[in-house]
Amino acid sequence: MVYEVANGVLIYYLPEELDHYAADMLKRKTAHVFDEEEIRYLIFDFSKTQFMDSSGIALILRARRRMRTLGGSLLVCRVPQ
């Protein structure tokens, strides 16, 4: 899972498949990054994602809820058509 952090912005470049396994890994990594950094903006980049199941949707909804609680924002970008 590739990500970068700069100036309170966390960007995740999501994998080709965002299934239960990938969503669980992302959830754990996100928790670790949030423990280490002060994140105000979370961006999910879907440019490479070809498949997403309900685990991926749940991950996004949980992340949105967490960002709202922290007073931050969540952005989803580059979603394939």
Side-chain angles (χ1 to χ4, degrees):
M1 199 78 46
V2 178
Y3 68 93
E4 59 184 83
V5 179
N7 300 319
V9 178
L10 170 59
I11 303 172
Y12 271 108
Y13 300 94
L14 298 174
E16 196 170 305
E17 292 191 15
L18 187 53
D19 56 9
H20 175 73
Y21 174 76
D24 189 51
M25 276 184 44
L26 183 61
K27 180 178 154 185
R28 284 185 277 142
K29 282 191 179 213
T30 301
H32 174 73
V33 173
F34 273 85
D35 289 343
E36 300 292 320
E37 304 278 343
E38 185 176 330
I39 304 300
R40 304 303 289 158
Y41 301 97
L42 175 58
I43 301 171
F44 289 131
D45 183 323
F46 279 86
S47 59
K48 293 183 180 174
T49 305
Q50 301 284 324
F51 171 81
M52 180 172 70
D53 66 11
S54 60
S55 301
I57 295 168
L59 173 82
I60 293 167
L61 293 174
R62 279 192 304 271
R64 180 177 179 264
R65 197 174 317 129
R66 183 169 189 178
M67 292 309 298
R68 289 179 93 184
T69 300
L70 295 172
S73 297
L74 174 102
L75 176 69
V76 174
C77 68
R78 299 173 65 182
V79 178
Q81 294 188 20

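For the numbers below, each heavy atom of this structure counts, side chains included, while hydrogens, waters and symmetry mates do not.
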### Single-linkage hydrophobic cluster, 4.5 Å side-chain cutoff, Leu61 and Ile43 together
no
### Query
Out of curiosity, Lys29 NZ to Leu26 CG, how far, rounded to the nearest 0.5 Å?
9.0 Å
### Query
Are Lys48 and Leu14 close enough that some pair of their side-chain heavy atoms sits under 4.5 Å apart?
no
### Query
Should Tyr41 and Val2 be regarded as members of a common hydrophobic cluster, given that ILVMFWY residues are connected when their side-chain heavy atoms come within less than 4.5 Å of each other, either directly or indirectly?
yes
### Message
Any heavy-atom pair between the side chains of Cys77 and Phe44 that's under 4.5 Å?
### Response
no
### Query
Between the main-chain N or O of Ala23 and the side-chain N or O of Ser55, is there a donor-acceptor pair closer than 3.5 Å?
no
### Summary
One should read off an interatomic distance between Met25 CE and Asp19 CG, to the nearest 0.5 angstrom, of 10.0 Å
### Query
When you look at CZ of Arg66, are more than 12 heavy atoms from neighbouring residues, nucleotides or ligands closer to it than 6.0 Å?
yes
### Query
If you draw a 6.0 Å radius around CG in Asn7, do more than 12 non-hydrogen atoms from other residues or ligands fall strictly inside?
no
### Qualifying ring-ring contact (aromatic ring centres under 6.0 Å, His included) pairs with a residue from residues 10-38, counting only residues at least two apart or across chains
Tyr3-Tyr12
#### Entry: Atom CZ of Arg68 with >12 non-hydrogen neighbours under 6.0 angstrom
no
### Task
With the side chain counted from C-beta on, respond yes when Glu36 and Val33 share a heavy-atom pair under 4.5 Å apart, and no when they do not.
no
### Task
Mind checking the CG-OG1 spacing from Leu10 to Thr30? Nearest 0.5 Å is all I need.
6.0 Å
### Query
Mind checking whether Leu74 and Ile60 have side chains closer than 4.5 Å, heavy atoms only?
yes
### Query
Going by heavy atoms in the side chains, are Glu4 and Val9 under 4.5 Å from each other?
no
#### Entry: Under 3.5 Å: donor-acceptor pair, side chain of Arg40, backbone of Leu70
yes
### Single-linkage hydrophobic cluster, 4.5 Å side-chain cutoff, Leu59 and Ile57 together
yes
